[in-house]
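Some notes on the structure that comes next.
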Amino acid sequence: DQQVKQNSPSLSVQEGRISILNCDYTNSMFDYFLWYKKYPAEGPTFLISISSIKDKNEDGRFTVFLNKSAKHLSLHIVPSQPGDSAVYFCAASSLNSGGTSYGKLTFGQGTILTVHP
Amino acid sequence: KAGVTQTPRYLIKTRGQQVTLSCSPISGHRSVSWYQQTPGQGLQFLFEYFSETQRNKGNFPGRFSGRQFSNSRSEMNVSTLELGDSALYLCASSRDSPGGELFFGEGSRLTVL
């Protein structure tokens with residue numbers, strides 16, 4: 001039972017254009033969502049997060065949108081740069097379930113983003 | 001500020017053996033979580049420790065165990081290794097606060113032959 005799904009295994013984008021990575025979830029208890037980026041031979045690094053009380057969060061070139069009714073979130077990268085080429089993981093947690101789930105994230109399968117110069 | 005340190009980075013074991021992996025969290029972080037990454041299953045939560053106590057556990061068999069020491073360093077152990085245990089094992093630490101992000105180490109790459 002995959003509670004967090006990233007249906008696109010890969011995405012190819014031209015430098016300077018927008019990259020849109022999508023993520024769907026099924027567990028209504030999830031109330032905090034994060035995006036991580038991973039380069040080969042390195043651990044994932046945190047990009048941006050959003051609480052379920054918001055529908056948008058921006059940080060520089062990165063914006064995350066949350067649609068709770070559709071149980072869908074997306075990460076927009078504008079403009080895309082070749083250095084953004086990596087695997088992007090969507091993750092979710094239930095922070096309000098007694099406050100004991102800070103370290104427990106449910107990850108999607110990841111999307112390989114390739115940004116061409 | 002030093003990041004999360006995992007040792008060893010690479011190791012090769014044979015079926016039936018056991019392995020112990022070590023993780024040193026970022027200074028001041030008291031929560032340590034472990035994840036298994038495989039090509040087919042992605043990143044899966046193993047367990048989380050806080051103040052030397054296991055606080056959460058994922059859906060892995062009892063062959064997978066862990067512990068945390070008083071200095072927040074953590075170890076995980078896998079006994080009776082199986083071929084399917086070949087994976088990248090990632091450790092992450094956090095400040096353990098609402099919205100506190102996880103900081104991951106580079107991982108320990110285990111190959112079981």
Side-chain angles (χ1 to χ4, degrees), chain A residues 1-10 23 25 27 29-54 57 59 62 64 86-112, chain B residues 3-7 9-10 21 23-26 29-51 53-60 66 68 72 74 76 88-109:
Chain A
D1 174 28
Q2 207 171 341
Q3 299 183 61
V4 177
K5 296 181 184 179
Q6 294 176 254
N7 292 319
S8 298
S10 63
C23 178
Y25 63 96
N27 190 339
M29 297 300 293
F30 289 146
D31 51 22
Y32 195 69
F33 305 89
L34 310 92
W35 285 93
Y36 279 82
K37 176 167 103 172
K38 187 180 186 299
Y39 294 116
E42 294 183 11
T45 55
F46 171 76
L47 268 180
I48 192 169
S49 62
I50 187 167
S51 163
S52 59
I53 62 173
K54 296 184 176 181
N57 188 27
D59 185 1
F62 302 91
V64 57
V87 180
Y88 288 77
F89 290 96
C90 166
S93 69
S94 307
L95 291 185
N96 290 321
S97 59
T100 58
S101 297
Y102 301 132
K104 180 180 179 181
L105 297 181
T106 301
F107 283 86
Q109 298 287 79
T111 297
I112 302 170
Chain B
V4 176
T5 305
Q6 291 187 245
T7 57
R9 290 291 313 279
Y10 302 92
L21 309 177
C23 172
S24 294
I26 292 172
H29 286 191
R30 295 167 63 193
S31 169
V32 174
S33 302
W34 288 89
Y35 289 81
Q36 181 195 65
Q37 185 184 15
T38 57
Q41 299 296 323
L43 274 155
Q44 291 191 291
F45 173 77
L46 278 157
F47 27 64
E48 178 198 8
Y49 287 88
F50 179 80
S51 292
T53 301
Q54 188 180 86
R55 188 162 65 177
N56 276 297
K57 190 177 189 306
N59 295 324
F60 280 82
Q68 186 181 33
S72 293
S74 177
M76 69 161 282
L88 179 67
Y89 290 88
L90 291 159
C91 168
S93 72
S94 76
R95 294 186 188 89
D96 195 57
S97 58
E101 66 198 66
L102 297 187
F103 293 83
F104 284 86
E106 294 181 316
S108 293
R109 171 74 63 186

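Please read these numbers as outputs of a predicted model, since none were measured by experiment.
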Distance check, rounded to the nearest 0.5 Å: Glu101(B) atom CD versus Tyr32(A) atom OH? 7.5 Å
Answer with side chain, backbone, both or neither: which region of [X] has an atom nearer than 4.5 Å to a non-hydrogen atom of chain A?
X	value
Tyr35(B)	side chain
Arg109(B)	neither
Leu46(B)	neither
Leu90(B)	side chain
Gln6(B)	neither

Kindly write out the residues that satisfy side chain to side chain contact (heavy atoms under 4.5 Å, CB included) with Arg30(B), not counting sequence neighbours, or none if the list is empty.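 Applying side chain to side chain contact (heavy atoms under 4.5 Å, CB included) to Arg30(B) gives Phe50(B), Ser51(B), Ser72(B).
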Heavy-atom pair with the smallest gap, counting every atom of Leu105(A) and Phe45(B): O-CB, 4.0 Å
Do you know the tightest heavy-atom contact between Glu48(B) and Lys104(A)?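 Of all heavy-atom pairs spanning Glu48(B) and Lys104(A), the closest is OE1-N, 4.2 Å.
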NZ of Lys57(B): more than 12 outside heavy atoms within 6.0 angstrom? yes
